[in-house]
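Numbering of ligands and ligand atoms starts at 1, following listing order. Quantities reported herein were computed from a predicted structural model and do not represent experimental measurements.
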Amino acid sequence: MYLIPISAFADNYLWLLHDGKRALVVDPGDAAPVLHALAQSALQLESILVTHHHADHTGGVDALRKATGAKVYGPATERIPAPFEPLHEGDSVHTLGLDFQVLDVPGHTAGHIAFYTPDMDGKPLLFCGDTLFSGGCGRLFEGTPAQMLASLDKLAALPGATRVCCAHEYTLGNLRFALAVEPGNTDLAAYQQHCIGLRDQGQPTLPSSIAQEILINPFLRTRQAPLVAAVRRFDASIHDDTTVFAALRQWKNQFK
Ligand code: ZN
Ligand code: FE
């Protein structure tokens, strides 16, 4: 299988997965670069997976569906601008010979879902949209901090080897913030150097992995003592997991 991040807009990745003949795409905010990639490798688009309703994730869905006949799958409780099969947690999508499980991960949007398969070429794979980024997480546009924390806990519980396909290249900015929160995290400093090297060569920093994110992503580390201490200096009123998470998200929102 081939796993390819197609760049779109300023910093989106439209993930293309294919076996040399059949393909799926995740969150195609724009149809043109996907059609170009399909034509280049003579691929038949079989499925379009949508994680949430934002235009940078759905803008190309209907054009792609009409051009290719691909079937569209999306979150049951969100509005997607094309006919689609509505999915809830517990549903699965069978495509390209793979079995994707649907996870509810509300927070960035109210009905956001993620797609997880335990075995793609022998290792797990996650498409998480705008819920989890490398070194960060999505903004809380529709959900509560408690919802987002529960969603991230669900993703953090996946196997460490899970490849994490995020929908934006936000990594270097996220790591700058992460180091401001945890300046003593040596894994984080090493990962930042690694990612700077990738970006200097024009390479994506993704996919990441769950094991990597648990070591370096402050939003997956909100119960670690050094992190709680740092957040308390930002907001002295924190008193439980949810308020630590909420204050950390607030700190990131205003970080420059
Ligand atoms: Zn979004
Ligand atoms: Fe987005």
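For the pair OD2 of D130 and NE2 of H57, the angle at the Fe ion (ligand 2) is about 90°; rounding is to 10 degrees.
Distance alone, capped at 3.5 Å, places no donor-acceptor pair between the T117 side chain and the M120 backbone.
Using cut-offs of 30° and 60° on the angle between ring planes, the pair W251 and F234 is parallel. Using cut-offs of 30° and 60° for the angle between ring planes, the W15 and F127 rings count as tilted.
Atom ND1 is the N/O/S atom of H54 found closest to the Zn ion (ligand 1). Residue D130 approaches the Zn ion (ligand 1) most closely through its N/O/S atom OD2. The atom of D56 nearest to the Fe ion (ligand 2) is OD2, with the search restricted to N, O or S atoms. As for H52, its N/O/S atom nearest the Zn ion (ligand 1) is the one called NE2.
Coordination check, H108 versus the Zn ion (ligand 1): passed, since an N/O/S atom of the residue sits under 2.8 Å. Among the backbone and side-chain atoms of D56, none of the N, O or S atoms lies under 2.8 Å from the Zn ion (ligand 1). Between the Fe ion (ligand 2) and H168 there is an N/O/S contact shorter than 2.8 Å.
A salt bridge is absent between R163 and D121: the closest approach of a Lys/Arg side-chain nitrogen to an acidic carboxylate oxygen does not fall below 4.0 angstrom. One finds a salt bridge joining E85 and K71 here, because a Lys/Arg side-chain nitrogen approaches an Asp/Glu carboxylate oxygen to under 4.0 Å. The pair E89-K154 counts as a salt bridge, with a side-chain nitrogen and a carboxylate oxygen less than 4.0 angstrom apart.
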